[in-house]
Student: 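Structure in structure tokens, see below.
Here the structure is a predicted model, which is why all the values come from computation and not from measurement. Chain naming here is simple, since letters A, B, ... match the order of the sequence lines and numbering starts at 1 in each. Computed from heavy atoms alone, side chains included, the values below leave out hydrogens, waters and symmetry copies.
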Number of protein chains: 2
Amino acid sequence: MIKVAVVEDNDTIREGLKVLIDGTAGYSCIASYSKCETMLKSLEKLNPDVLLMDIGLPGMNGIEGIKQAKKIFPDLTILVLTVYEENDLIFEALCAGACGYLVKKTPPSKLLEAINEAYNGGSPMSSHIARKVIDFFQQKKQASSSGSQNILTPREREILSGLVEGNSFKVIADSLFISIETVRFHFRNIYKKLHVHSQSEAVVKAIKEGLV
Amino acid sequence: MIKVAVVEDNDTIREGLKVLIDGTAGYSCIASYSKCETMLKSLEKLNPDVLLMDIGLPGMNGIEGIKQAKKIFPDLTILVLTVYEENDLIFEALCAGACGYLVKKTPPSKLLEAINEAYNGGSPMSSHIARKVIDFFQQKKQASSSGSQNILTPREREILSGLVEGNSFKVIADSLFISIETVRFHFRNIYKKLHVHSQSEAVVKAIKEGLV
DNA sequence: TTTAATACTACCCAAATGGGTGGAGGGACT
DNA sequence: AGTCCCTCCACCCATTTGGGTAGTATTAAA
């Protein structure tokens, strides 16, 4: 029996979910809330297996609700159920601790299946949501191959890598068997090319643009 | 009609896939290969909609094959079909350009459905694979909440953020309306706590550990 | 072959940074 | 009331770094 708790501000939908879950063998809706705040208060006593959450809520933001819930129960399985398919919300929810992301047009049978999958260690989401997550992985690659990668010479990339490893000019010089003056010379050129003026800026840019 | 190409070294499985795909309305297996190399050569002429790839291949590595194929057709939809569920392989394949990841125990009906989803802009994968991808997102958070996050005071995190934004001590001091000496003081403490000795090291650590 | 790009070295100077010491004020907890 | 922690500021000093200028060697392209 999977114990499900629901947070959803729309009364109709919330009741519908409760009926659906309670009416299915193997599932039980042990609580339903219209706000995060009330859910958080009673979360400890209830100890649900899966928390089904809307994230377009009045009052406390759903994302924040996920974070809070995860603080109380780090291992709690949280499924987001929403109408939003914006990238930002998806990533925020997943980073906050949601383990699955469902859109509201998901048919009831799929919804129940998703709850079951989540309960068993899976991460149910529609394949379109999944694509957005995957795209996120590939962004790095794309940025580096198209962007500032090629403006640096191989030697310059080597020098810059040294910095990202956390080395000082002196250490970089020694490891490459060149003078520290040469390292400084290269960095001056690197800075010009990247339009930065300090180590830290260069490191940030190198990491963000995937130059390393 | 979705044009599918298959790369799979096991003759039995390859033929099985071909029969399955060709035998289903709306799908056509326009080519099947046992090696990446031969696939790459004829890829341009064939122009398939979806490429179904094994990644445990003799000869060229499947991951490498994905990269090469993506070079020729950056928009090609590639689905990985494999027996491996190791994290590393999943991430490598996805970063290389695969848009979906299926395990070989996937039943034929699900396989066809997955091809269709991929063709229509989705990223089919089993919910267990999805969970691993999601976990990757949350690693950052976990590392920070359990690790070095809490050893820094809120003010120190604020100061460190300024550095990661690419600001100098002076700019950080001005933006926080405090003396540059105070900024320096905080950084000395931050360095001690993070066990680093320079800006760049601190920036790298801050980013890697998700302190920002 | 001339030219350009890259890699390398050196010296100069001013500014920024790393590190040590000391001290002041406020809030939280005992 | 005392203590601890966080925040804040200041002065000292040695080193590192950012930026400018100049020059040589090697290699690849024009």
Student: Take the protein atom CG of A/Leu152 and the nucleotide atom C1' of C/dA5, then report the distance between them rounded to whole Å.
Tutor: 15 Å

Student: From the list C/dC11, C/dA7, C/dT17, which nucleotide is the closest neighbour of the side chain of B/Ser168?
Tutor: C/dT17

Student: Without decimals, in angstroms, what is the distance between B/Leu160 CG and C/dG18 C1'?
Tutor: 16 Å

Student: From the set D/dC8, D/dA10, C/dT9, return the single nucleotide nearest to any side-chain atom of B/Arg155.
Tutor: D/dC8

Student: Contact class for B/Phe187 (heavy atom, under 4.0 Å): base, sugar-phosphate, or nothing?
Tutor: nothing

Student: Please report the distance, rounded to the nearest Å, between CD in A/Glu158 and C1' in C/dT6.
Tutor: 13 Å

Student: Could you check B/Ser200 against B/Thr182 and say which one's nearest nucleotide on DNA chain D is further toward the 5' end?
Tutor: B/Thr182

Student: Which of the following nucleotides, D/dT7, D/dT17, C/dC8, is nearest to the side chain of B/His186?
Tutor: D/dT7

Student: Check A/Lys104 with A/Asp54, please: is the shortest side-chain N to carboxylate O separation under 4.0 Å?
Tutor: yes

Student: What's B/Ser179 touching, base or sugar-phosphate or nothing? Going by heavy atoms closer than 4.0 Å.
Tutor: sugar-phosphate

Student: Identify whether the distance between the nearest side-chain nitrogen and carboxylate oxygen of B/Lys132 and B/Asp135 falls below 4.0 Å.
Tutor: no

Student: Please determine, for the side chain of B/Tyr191, which listed nucleotide (C/dC8, C/dA7, C/dG19) has the closest atom?
Tutor: C/dG19

Student: Is any N or O donor-acceptor pair between the side chain of B/Glu181 and the base of D/dC8 shorter than 3.5 Å?
Tutor: no

Student: Nearest whole angstrom, please: distance from the P of C/dC8 to the CD1 of A/Ile172.
Tutor: 13 Å

Student: State which of D/dC11, C/dA7, D/dC9 makes the closest approach to the side chain of A/Phe185.
Tutor: C/dA7

Student: Hey, is B/Lys35 close enough to B/Glu8 for a salt bridge, meaning N to O under 4.0 Å?
Tutor: no

Student: Taking CG from A/Asn167 and C1' from D/dT16, how many angstroms apart are they, rounded to a whole number?
Tutor: 14 Å

Student: Looking at C/dC8, C/dG20, C/dC11, which one has an atom nearest to any side-chain atom of A/Arg184?
Tutor: C/dC11

Student: Provide, to the nearest angstrom, the distance between the CD1 atom belonging to B/Ile159 and the C1' atom belonging to C/dG18.
Tutor: 16 Å

Student: Salt-bridge test for A/Glu15 and A/Lys18: reply yes if a basic N is under 4.0 Å from a carboxylate O, no otherwise.
Tutor: no

Student: Quick test of your reading of the model: are A/Arg131 and B/Glu117 salt-bridged, counting only N-O distances below 4.0 Å?
Tutor: no

Student: What integer distance in Å separates B/Asn189:CG from D/dC8:C1'?
Tutor: 12 Å

Student: Can you see if the side chain of B/Thr153 gets near the phosphate of D/dT7 - specifically, an N or O under 4.0 Å from OP1 or OP2?
Tutor: yes

Student: What is the distance from NZ of A/Lys192 to C1' of C/dT6, rounded to the nearest Å?
Tutor: 14 Å

Student: Run A/Ser42 and A/Tyr33 through side-chain hydrogen bond (donor to acceptor under 3.5 Å, both in side chains) and show every step you take.
Tutor: CA-CA 10 Å; A/Ser42 51; A/Tyr33 310 91; 2.7 Å; yes

Student: Does a distance-only test, which skips hydrogens and angles, find a donor-acceptor pair under 3.5 Å between the side chain of B/Arg188 and the base of C/dG18?
Tutor: no

Student: Kindly point out which of C/dT9, C/dA16, D/dG19 is positioned nearest to the side chain of B/Lys170?
Tutor: C/dA16

